[in-house]
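A short write-up of the structure that comes next.
Each residue takes its place number in the sequence, starting with 1.
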Amino acid sequence: MRNLLPFISSHPGGRSALTCRFRCGDACFKETPNNSDNEYAGDIIAGAVSRRSMMRAAAVVTVATAAGTAALTGPSAPQAEAAALAGHGHKPGHPHKPAPSGARGLRFSPVAPNKDDKVTIPDGYAQNVVIRWGEPILRGAPAFDPDKQTAKAQAGQFGYNNDFLSLLPLRGERGRQVLVANHEYTDEILMFRGYDPANPTREQVEIAWAAHGLSVVVVQEEHRTGKLGPVNRHPLNRRLTATSEFRMTGPAAGSALLRTSADGTGRKVLGTLNNCAGGTTPWGTTLHGEENFNQYFANGTTDMHKRYGIGTSATERKWERYDRRFDLAKEPNEANRFGWVVELDPYDPDSTPRKRTALGRFKHEAAQPRLTSDGRPVVYMGDDEKFDYLYKFVSSKRMKKGNSRAAREHNLTLLDEGTLYVAKLNGDSPVTEIDGTGKLPVDGEFDGSGVWIPLATGTTSHVPGMTADEVYVYTRLAGDKVGATKMDRPEDVEPSPRTGRVYVALTNNSDRGKAGKPGADEANPRNSNKHGQILELAENWDDPAGDGFAWRLFLVAGDPDDPATYFSGFPKENVSPISCPDNVAFDAHGNLWISTDGNQLGSHDGLFGVATHGDRRGELKQFLTVPAGAETCGPVIQDRRVLVAVQHPGEIDGASVEKPASVWPDGPGKIVRPSVVAVWRKDGRDIGV
């Protein structure tokens, strides 16, 4: 038995103070925005509630035949319970007899935890840097020179701090794909030599505006390897920045809550900010979540500004000095135009991206759709804040198949009409068994049922005392009013394309159980939760448009030697340690791949694969680690290639351009640059088989 891995950071979430400062505006050091008194799961399940009665209420009895596995069930017999969630595999505590080679898709030697200043990958694999911050992608953009950077140059170059990634097919161009990337935030201390945080120049501010947003760039595969590289000046290449034009659509578009002195229509917005994770739609567009937008706005004046984490004084970057729209004392509605899901058509470089108001406004971490049996998209979303909520949107329109102009135009309206819901989770164990330590309840699992509470449909509000416009613009308040369950930072939410089960990354919550804060409940079972967990959800009758679901915790993260961790019952001596799950993705075998943000276990952040079904369910292996100070983002898992976004390398307290804390990716003497990395097998075979 190895010793517990060391806890390495007193900073909330394991990030450096520098990362918290520029990424989320020091949210961890400020008052938690959600101070509502709505009930949480611990209140709901007070008193003993029998497993059978709770799960009978969930009424989930269908079988996901495509994957050959049982959906989350409301078991009425021991046999049903043993099969539920495990793909007819083991019951928690039942001994495994795993094959030595591991789950299909995860047959690689796991990378050991480490603090190396590089991307570390398994033996037998190779890698390359696909594209770096500042590489020119548009016609006329100059080569990157950090000492001669201009806003005009940056607007034609790959942006800063890449996060969400999507790789889309490009018909008719052999070996090429379309890469779409989010650029979440800028760290001016690591971008500009001699940067003065108290007095940023206009040029520095405008460069930062141009470094935010989205990039679309065609990439070319190198013959005989897995290398990818940008195709500079391709007609589809595109940059969207903090000053590009975006359009508000959906039921709240045009609302008085969205109007400003510069836009009296409430329909035209300049820019997208703090784009974190996202999603790829079945109709060929990409979705981009605006997350910590609050930090860009100064002088908040209202309680609603406070509920969204907006401060009452100057901002870190001082943008309000150069554009009045970032000063809420002058433009109180400008912040309402951020915090949305953006939809982009990467195949049309002349299109105007759209902010979809029907999906609600909060700190969107991601948005990944699935389709109902009749072809209507359902989008699952998390609000990345301590004690905030899990949402879904169900469209009222069906997707049209094909690539005709009519089909594409129709599909670009799918996310404007439908119903927005928020989740309320009920545990099935007595509250006395959830003691905040992570100890499993008597039934051997953290699990229960839940309901989707409708918030608004079109112009109809389902929340007493709020109009539909208010529900969409102040969605957090709507969740408060209907008693949604307060979660431990719901980040990426992804439905499995094989089973339809939905996986929710809950990154951490150091405030859980503190005085005056909600204590542990069955879905969030640890107080002072440093390491996070992943929740698995199955919709009743496998119907994503339904109003009820069953859930259980699939993984409770941390050091496997810590008794508070859980890996779906898989032997913990055979799994990699993991902390702070963030972005997730699936491979073709149904394995869930997890990137981490803020590892608290003495190692750099990384990418992990875990089996979700079969007798290896819960087997988790580390595939790579990222360099010093970096976070792993945007995983894309293809048959023969894995892509990750290496975000904020070298972002360590005390670092600067003059005193770098990392030499990645280009070595000593070169500026540290966030970049996209591709990994493949040297023998050309599929990943992990």
Derivation and outcome, side chain to side chain contact (heavy atoms under 4.5 Å, CB included), residues N599 and T625
CA-CA 11 Å; N599 191 328; T625 55; over 6 Å; no

I need the [X] [atom1] to [Y] [atom2] distance, nearest 0.5 Å.
X    : Y    : atom1 : atom2 : answer
K306 : N294 : NZ    : CG    : 14.0 Å
D653 : S16  : CG    : OG    : 4.5 Å
L537 : F549 : CG    : CZ    : 5.0 Å
L165 : D163 : CG    : CG    : 8.0 Å
Y566 : I534 : OH    : CD1   : 13.0 Å
D597 : C633 : CG    : SG    : 6.5 Å

Can you name the nearest heavy-atom pair linking [X] to [Y], along with the distance?
X    : Y    : result
A335 : I310 : CB-CD1, 3.7 Å
G650 : S662 : CA-CB, 3.6 Å
P369 : L287 : CG-CD1, 3.9 Å
E539 : G548 : OE1-O, 3.4 Å
H613 : G590 : CE1-CA, 4.2 Å
L607 : S595 : CD1-N, 4.0 Å

When you compare the side chain of [Y] with that of [X], does any pair of heavy atoms fall below 4.5 Å?
X    : Y    : answer
N591 : I637 : no
E184 : N274 : yes
Q600 : C580 : yes
E291 : E365 : yes
N292 : K363 : yes
R317 : Y185 : yes
L455 : Y391 : yes
F387 : N509 : yes

Salt bridge (Lys or Arg N to Asp or Glu O under 4.0 Å) against [X], all qualifying residues, sequence neighbours excluded:
X    : answer
R476 : D383, E385, D388
K439 : none
K481 : none
D488 : R512

Which residues share a side-chain contact (heavy atoms from CB on, under 4.5 Å) with [X], sequence neighbours left out:
X    : value
I453 : V422, K424, V451, V482
D480 : N34, S36, R307, Y389, L477
D547 : none
A557 : H531, L555, I578, P581

List the residues meeting ring pair (Phe, Tyr, Trp, His ring centres under 6.0 Å) with [X], not counting sequence neighbours, and say none if there are none.
X    : answer
F608 : none
F554 : Y503
F164 : H288
Y380 : none

Lys/Arg-Asp/Glu bridge criterion (N-O < 4.0 Å) met for K386, D511:
yes

Regarding E536 and R617, does a basic nitrogen lie under 4.0 Å from an acidic carboxylate oxygen?
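Between R617 and E536 there is a salt bridge, with a charged N closer than 4.0 Å to a carboxylate O.
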
Test log, rule side chain to side chain contact (heavy atoms under 4.5 Å, CB included), inputs T565 and V575
CA-CA 11 Å; T565 57; V575 301; over 6 Å; no

Taking the side chain from [X] and the backbone from [Y], do they hold a donor-acceptor pair closer than 3.5 Å?
X    : Y    : value
D384 : E491 : no
S603 : N114 : yes
W551 : N426 : yes
T419 : V394 : no
E316 : Q295 : no
E290 : G339 : yes
E522 : D447 : yes
N529 : S510 : no
S568 : G618 : no
N162 : V646 : yes

Determine whether the side chains of [X] and [Y] contain a donor N or O and an acceptor N or O closer than 3.5 Å.
X    : Y    : value
E651 : T19  : yes
D582 : T507 : no
K486 : N524 : no

Mutual orientation of the aromatic rings belonging to W593 and F623 [parallel < 30°, tilted 30-60°, perpendicular > 60°]:
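Ring orientation of W593 relative to F623: perpendicular.
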
Kindly determine whether M381 and L420 satisfy side chain to side chain contact (heavy atoms under 4.5 Å, CB included), including the steps that lead there.
CA-CA 10 Å; M381 303 169 287; L420 179 65; 3.9 Å; yes

Taking it one step at a time, do N35 and K517 satisfy side chain to side chain contact (heavy atoms under 4.5 Å, CB included)?
CA-CA 8 Å; N35 289 309; K517 304 292 183 183; 3.4 Å; yes

Cation-pi geometry met for R361 and Y308 (6.0 Å, 45°)
yes

Cation-aromatic face contact K392/Y421, 6.0 Å, 45 degrees
yes

Would a line drawn from the ring center of F297 to the ring center of F338 be shorter than 6.0 Å?
yes

